[in-house]
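Heavy atoms only: backbone and side chains are in, while hydrogens, waters and symmetry mates are out.
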Amino acid sequence: MEIENDDRGGYKRIHQRLGPTSRQPDRGGKVCFQWRAGHCTRHPCPFLHSEQDPSNSKRSLGWRNPNTGGSGSGPNNGGHQSKWGKGRHGENSNSNSNAGRLNGGVGTSGGDRPCKFFVSGNCSFGDRCRYPHSWSFGEGFSLITPLKGHEKVVTAIALPSGSDKLYSGSKDKTVKVWDCQTGQCTVSIPMGGEIGCMICEDPWLFVGIPDSIKVWNTQTGAEMNLPGPTGQVYALAAANDMLFAGTQDGKILIWRFNAATNCFEPATFLVGHRLAVISLVVGGPKLYSCSMDNTIKAWDLTTLQCVQTLSDHTNVVMSLLCWEQFLLSCSLDSTVKVWVHNSKEQLEVTYTHTEEHGVISLCGMHDVQGKPVLLCSLNDNTVRLYDLPSFNERGKIFAKQEVRAMQTGPNGLFFTGDGTGELKVWTWSTN
């Protein structure tokens with residue numbers, strides 16, 4: 001996306017970096033103890049402001065589905081000890097201790113939150129404000145531009161592969177199409193109902209609305225409507241020429257693609273959840289679903305039978321994500337759980353990460369150095385960025401309201417959409 005970065009409202013942090021520069025002596029890779037305590041003011045500092053272990057910088061930890069054979073670090077993977085939640089020296093990262101480290105790099109007395117008047121757009125102090133005027137804290141990523149147009153919460157973002165168009169859906173009952181070169185909204189399409197979800201499986205764009213799914217072929221412009229759902233469609237996934245839709249009544253509806261007619265035909269539906277299905281993800285030979293009934297279910301893609309029900313969460317399970325052979329889940333119980341298959345091919349929790357607030361969405365991507373990063377949207381209007389598998393905190397993103405939609409893009413781009421209807425375009429930097 002070739003949009004000029006405007007830093008006028010930015011707050012540049014100078015106290016965090018990955019290692020010593022040519023002007024600084026190399027202190028043997030030691031981490032600054034004052035940075036660890038959250039109050040290093042030296043610039044440049046001769047010690048590391050990072051827990052990254054240089055000896056592990058070439059380790060490959062890619063975002064892959066469980067069936068790709070990626071090397072994992074779970075307790076049942078060849079007998080290796082779990083690395084989840086472990087920092088550079090093996091300390092447990094399942095706490096908010098990293099928050100102080102991030103705050104120490106801010107350089108103001110305002111704490112780890114931006115100025116509330118800056119957020120609302122009417123701070124009268126300007127550069128003299130004691131609170132940060134920034135939408136993020138942390139290193140390695142920055143805001144490119146906001147995209148304003150939706151009038152209500154953004155619920156879905158889709159970026160077709162190889163396309164110069166970004167699609168966003170909202171509770172304002174529209175899908176907007178954005179030009180990736182100019183950042184301008186080129187088309188606003190009325191849907192006739194609130195958008196619950198949206199995915200792109202080239203060349204198809206699927207949009208979930210109450211009692212229906214709208215389908216577009218982004219190459220030919222062909223449109224179709226898939227009736228059948230009862231209530232809002234909250235989740236969509238596609239695999240093996242099948243389209244799956246999680247609905248408000250707890251069912252998962254399935255359509256099969258007919259190549260001869262170039263249409264999707266109703267196949268069957270899956271019953272098991274007691275309340276609305278709000279996230280679906282395909283990993284290897286299984287479909288995973290989570291629900292407002294606090295459970296996760298695993299379905300065999302061949303037999304379409306439920307093979308396991310997971311009940312470890314104590315509140316609504318909001319989002320699912322597959323990483324290598326692991327399944328990650330988040331919940332309003334303020335936890336992110338990492339699941340791995342045991343010797344009996346049953347999922348079990350190998351690590352639980354705890355936040356101070358409910359977790360409403362997960363998104364995974366690589367930074368520009370190829371390191372895997374997990375984005376966790378919380379219901380305190382922030383997004384936390386974590387290294388995997390250590391869960392060391394990389395930074396925070398702030399929003400006016402909860403971030404309900406996140407999507408990755410090419411070349412280090414990623415997108416967030418919040419409750420006010422505003423999208424933001426972010427990028428990982430090479431510095």
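A salt bridge links Arg394 and Asp387; the closest N-O separation between the charged side-chain nitrogens and carboxylate oxygens is under 4.0 Å. Remark: Asp333 does not engage Lys337 in a salt bridge, criterion side-chain N to carboxylate O under 4.0 Å. The residues Glu194 and Lys173 are annotated as not salt-bridged, no charged nitrogen and carboxylate oxygen being separated by less than 4.0 angstrom.
Just one of Asn379, Val383, Thr420, Leu378 meets the side chain to side chain contact (heavy atoms under 4.5 Å, CB included) condition when paired with Glu402; it is Asn379. Across Thr335, Val336, Ile360, a single residue satisfies side chain to side chain contact (heavy atoms under 4.5 Å, CB included) together with Cys330, and that is Val336.
Using a 4.5 Å heavy-atom cutoff, the side chains of Gln248 and Tyr234 are in contact. Residues Met318 and Ser331 form no side-chain contact, since every pair of their non-hydrogen atoms from C-beta on lies 4.5 Å or further apart. A heavy-atom distance below 4.5 Å is found between the side chains of Leu304 and Ile254. Side-chain contact between Leu413 and Val425 is present, with heavy atoms from C-beta onward closer than 4.5 Å. The closest side-chain heavy-atom distance from Leu375 to Arg384 is not below 4.5 Å. Between Val215 and Leu205, every side-chain heavy-atom pair lies at or beyond the 4.5 Å cut-off. No side-chain heavy atom of Val340 sits less than 4.5 Å from a side-chain heavy atom of Val338. In this structure, the side chains of Leu374 and Leu321 come closer than 4.5 Å at one or more pairs of heavy atoms.
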Using side-chain contact (heavy atoms from CB on, under 4.5 Å), reason through Ile209 and Val233 one step at a time and then give a plain yes or no.
CA-CA 6 Å; Ile209 62 173; Val233 178; over 6 Å; no
When you look at Leu327 and Val281, which way does the side-chain contact (heavy atoms from CB on, under 4.5 Å) test go after all the steps?
CA-CA 9 Å; Leu327 175 71; Val281 65; 4.2 Å; yes
Audit row: Trp428, Asn411, side-chain contact (heavy atoms from CB on, under 4.5 Å) steps and yes/no:
CA-CA 8 Å; Trp428 288 96; Asn411 304 319; over 6 Å; no
Step by step, would you call Thr295 with Val317 a side-chain contact (heavy atoms from CB on, under 4.5 Å)?
CA-CA 7 Å; Thr295 69; Val317 187; over 6 Å; no
Audit row: Glu422, Lys148, salt bridge (charged side-chain N to carboxylate O under 4.0 Å, His left out) steps and yes/no:
CA-CA 5 Å; Glu422 185 174 75; Lys148 298 180 180 181; 3.7 Å; yes
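Across all non-hydrogen atoms, the minimal contact from Val368 to Ser429 is CG2-O, 2.9 Å. Among all heavy-atom pairs drawn from Ile278 and Val316, the shortest one is CD1-CG1, 3.5 Å. Contact detail for Leu280 and Ala237: the closest heavy-atom pair is CB-CB, 3.9 Å. Here the closest heavy-atom approach between residue Ser329 and residue Leu320 is recorded as CB-CD2, 3.6 Å. In terms of heavy atoms, Ser168 sits closest to Leu423 at CB-CD2, 3.8 Å. Shortest non-hydrogen contact noted between Gly208 and Gln232 is O-OE1, 3.7 Å.
Annotation: Trp135 is not in aromatic contact with Phe398 [ring centroid separation under 6.0 Å not met]. Under the 6.0 Å cut-off for aromatic ring centres, Tyr167 and Trp178 do not qualify, their centroids lying 6.0 Å or more apart. With ring centers used as reference points, Phe244 lies 6.0 Å or more from Trp299. Aromatic pair Trp255/Trp204: ring centres not closer than 6.0 Å.
Cation-pi contact between Lys251 and Phe269: present, with separation from the ring centre below 6.0 Å and deviation from the ring axis of at most 45°.
Atom NE2 of residue His341 and atom OG1 of residue Thr350 lie 13.0 Å apart, to the nearest 0.5 angstrom. One finds the OG atom of Ser377 at 9.5 Å from the CG atom of Asp418 (value rounded to the nearest 0.5 Å). Atom CG of Asn240 and atom CZ of Phe257 lie 14.0 Å apart (nearest 0.5 Å). The structure places CG of Leu253 at 8.5 Å from OG1 of Thr268, a figure rounded to the nearest 0.5 Å. One distance of note links SG of Cys263 with CE of Met224; it measures 4.5 Å at 0.5 Å rounding. Between the OG1 atom of Thr220 and the CG atom of Asn262 there is a distance of 7.0 Å, given to the nearest 0.5 Å.
Residues passing the side chain to side chain donor-acceptor pair (under 3.5 Å) test with Asn225 are Ser212, sequence neighbours excluded. Residues meeting the side-chain contact (heavy atoms from CB on, under 4.5 Å) test with Lys152, sequence neighbours left out: Ser170, Lys171, Asp172.
Between Phe326 and Trp323, the two ring planes are parallel [angle under 30°; tilted spans 30° to 60°]. Taking the six-membered ring for Trp and thresholds of 30 and 60 degrees, Trp84 and Phe391 have ring planes inclined between 30 and 60 degrees apart.
Side-chain N/O atoms of Ser289 and His273 include a donor and acceptor closer than 3.5 Å. Of the N and O atoms on the side chains of Lys396 and Thr382, not one donor lies less than 3.5 Å from an acceptor on the other residue. Residues Glu265 and Asn258 bring a donor and an acceptor atom of their side chains to less than 3.5 Å of each other.
Annotation for Met292: atom CE does not count as buried by contact number, only 12 or fewer foreign heavy atoms lying within 6.0 Å.
Of the possible polar contacts, none joining the Thr186 side chain to the Asp179 backbone as a donor-acceptor pair under 3.5 Å is found. Looking at Thr230, its side chain never comes within 3.5 Å of a backbone N or O of Asp249 through a donor-acceptor pair. In this structure a side-chain-to-backbone donor-acceptor pair under 3.5 Å is missing from Asn217 to Gly221. A distance-only check finds a donor-acceptor pair linking the side chain of Ser134 to the backbone of Ser136 [under 3.5 Å].
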